[in-house]
Amino acid sequence: MKRVVVTGMGLITPIGNSVEDFWKGIHEKKVGIDFIQNFDTTDYKAKVAAEIRDFNPKDFISVKESKRMDRFTQMAVSAALQAFRDSRLVTEQEDKYRLGVCVGSGVGSLEGIEREHIKLLGGGPRKVHPLSAPKVLGNMAAANIAIALGFQGKCLDVVTACATGTNSIGEAYHSIRYGEMDVMAAGGTDSSISPFGVATFLQLTALTESTDPMNASRPFDKNRDGFVTGEGAGVLILEELEHALKRDAVIYGEIIGYGSTCDASHVTTPLEDGSGMAKAMEFAMREANIVPEQIDYINAHGTSTTYNDWYETVAIKKAMGQAAYKVKINSTKSMIGHLFGAGGGVELITCLKSIEEGYIHPTVGLKEDDPNCDLDYTKGEGVYMPVHIAMSNSLGFGGHNGALIVREYKG
């Protein structure tokens with residue numbers, strides 16, 4: 001089995017469009033949630049979202065290229081280019097068929113589909129843009145990253161709803177671990193703050209109806225009432241250890257475990273006993289060859305919905321035993337909202353930065369404890385402490401569960 005390390009990271013988020021700016025926002029407890037500006041919400045009970053207001057694709061890609069991509073792809077390529085530059089890889093010096101991509105989108109371009117459907121209804125099929133298909137398809141994020149980086153190995157689009165980013169990184173990790181690839185660009189992207197996108201989750205009663213942006217996303221809080229939809233992208237460069245060492249790459253951490261399961265129970269509600277998510281965590285720990293007591297920190301899925309936070313708490317207890325009451329836990333979604341397929345990538349980068357700096361950020365929206373959520377969710381202020389091993393959890397509609405474990409690189 002090969003060892004797999006992280007040598008590059010890139011982010012587009014509601015609190016920063018680079019790893020540096022994102023992490024600065026994390027320290028400032030910045031909340032990237034505000035009233036929706038993308039469309040008129042007069043008829044909507046959900047009024048807030050984590051929109052990215054300062055993203056300009058031209059900062060990363062050419063005008064010509066950006067016009068051929070919808071927003072979710074623009075963000076994915078921008079994050080991938082950041083990660084690639086951070087890694088200092090030189091594609092021309094590599095076997096391009098050993099360089100791959102596994103970047104998924106849980107939704108694809110809902111906004112693009114809506115836009116072209118309006119044209120279709122108003123003026124007939126001739127009004128639909130000729131590039132509509134390659135702009136709205138979910139796999140176009142991965143495809144355009146491969147084009148931008150010149151990676152000609154496997155190119156995959158994993159789609160597991162809100163677990164997409166975690167599963168994408170996990171499958172990329174296994175591709176290197178089992179010797180198929182030397183390098184993988186991996187992560188997730190999504191942008192679905194559109195009339196239809198918000199309406200679907202609103203009708204499902206999954207979104208908060210809070211009109212206080214600073215207290216709308218409240219993971220594990222007694223008064224939480226739903227998640228805040230967000231957008232963004234998180235992409236990492238994963239690399240086989242010896243390959244990274246030969247080129248003297250900077251190593252941010254090592255991925256040592258991945259677990260993936262399905263509840264096979266309900267399309268939206270996790271198993272009440274937490275067994276599906278618990279098994280994913282257990283499988284990840286087994287692959288990492290560690291025991292629960294060795295995990296210092298868990299970045300929880302923590303959506304701020306009543307059932308998710310409750311059942312994830314149950315799952316952590318089931319997987320960790322008594323160690324669940326000692327491990328530090330938080331939810332980055334308290335600051336950036338729910339980024340759907342992008343969440344796993346952003347949150348794994350959060351784990352790596354926490355290891356690098358020895359800092360665990362607070363769950364910002366958590367004010368009042370829920371008796372059913374009785375673990376240490378880093379309430380109030382962030383904590384400076386050594387973080388050697390961290391776990392990132394993701395759950396997705398359809399019963400998808402994913403867990404990744406990273407540790408500090410020790411050679």
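Basis for what follows: all heavy atoms, side chains included, without hydrogens, waters or symmetry-related copies.
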Sequence neighbours excluded, which residues qualify as salt bridge (Lys or Arg N to Asp or Glu O under 4.0 Å) partners of Asp376?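 Expected list: Lys328.
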
Report the distance from atom [atom1] of [X] to atom [atom2] of [Y], rounding to the nearest 0.5 Å.
X: Met320; Y: Ile329; atom1: CE; atom2: CD1; answer: 7.5 Å
X: Glu231; Y: Ile52; atom1: CD; atom2: CD1; answer: 4.5 Å
X: Asp263; Y: Leu395; atom1: CG; atom2: CG; answer: 7.5 Å

[X] side chain to [Y] main-chain N or O, any donor-acceptor pair under 3.5 Å?
X: Asp190; Y: Gly106; value: yes
X: Gln294; Y: Ile389; value: no
X: Arg407; Y: His388; value: no
X: His243; Y: Asp182; value: no
X: Tyr384; Y: Glu357; value: no
X: Lys317; Y: Ala324; value: no
X: Ser109; Y: Val136; value: no
X: Ser334; Y: Ser331; value: yes
X: Ser191; Y: Arg71; value: no
X: Glu51; Y: Asp34; value: no

State whether [X] and [Y] are salt-bridged, where the test is any N-O pair (Lys NZ or Arg NE/NH1/NH2 against Asp/Glu carboxylate O) under 4.0 Å.
X: Glu293; Y: Lys326; answer: no
X: Glu28; Y: Lys24; answer: yes
X: Asp70; Y: Lys135; answer: yes
X: Glu116; Y: Lys119; answer: yes

Stepwise side chain to side chain donor-acceptor pair (under 3.5 Å) test for Thr208 and Ser210: CA-CA 5 Å; Thr208 180; Ser210 171; 4.6 Å; no

Please name the residue in the list Arg218, Lys222, Lys379 that meets the salt bridge (charged side-chain N to carboxylate O under 4.0 Å, His left out) test with Glu368. Lys222

So among Glu171, Glu254, Glu287, which one has a salt bridge (charged side-chain N to carboxylate O under 4.0 Å, His left out) with Arg177?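 The salt bridge (charged side-chain N to carboxylate O under 4.0 Å, His left out) with Arg177 is passed solely by Glu287 among Glu171, Glu254, Glu287.
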
Side chains of [X] and [Y]: donor-acceptor distance under 3.5 Å anywhere?
X: Thr350; Y: Asn299; result: no
X: Ser78; Y: Asp59; result: no
X: Asn401; Y: Thr261; result: yes

Set of side-chain hydrogen bond (donor to acceptor under 3.5 Å, both in side chains) partners for Ser275, sequence neighbours left out: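 Ser275 satisfies side-chain hydrogen bond (donor to acceptor under 3.5 Å, both in side chains) with Asp273 once adjacent residues are dropped.
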
Is the [atom1] atom of [X] crowded by more than 12 outside heavy atoms at less than 6.0 Å?
X: Arg3; atom1: CZ; answer: yes
X: Glu272; atom1: CD; answer: no
X: Lys127; atom1: NZ; answer: no
X: Asn289; atom1: CG; answer: no
X: Tyr97; atom1: OH; answer: no

Stepwise, does the side chain to side chain donor-acceptor pair (under 3.5 Å) test hold for Asp369 with Tyr377? CA-CA 10 Å; Asp369 295 330; Tyr377 303 106; over 6 Å; no

Could you go step by step and tell me if His266 and Thr268 meet the side chain to side chain donor-acceptor pair (under 3.5 Å) rule? CA-CA 6 Å; His266 193 277; Thr268 59; 3.2 Å; yes

In the structure I gave you, are the side-chain heavy atoms of Lys29 and Val31 within less than 4.5 Å of one another anywhere? no

If the plane angle is over 60° it's perpendicular, under 30° parallel, otherwise tilted; pick one for His27 and Trp23. perpendicular

Return the set of residues passing side chain to side chain contact (heavy atoms under 4.5 Å, CB included) with Thr73 (not counting sequence neighbours), or none when no residue passes. Met69, Val77, Met140, Ala141, Asn144

Answer yes if the ring centres of Phe340 and Phe201 are under 6.0 angstrom apart, and no otherwise.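 Here the rings of Phe201 and Phe340 have centres that are less than 6.0 Å from each other.
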
From the list Asp40, Thr42, Thr41, side chain to side chain contact (heavy atoms under 4.5 Å, CB included) partner of Tyr44 resolves to Thr41

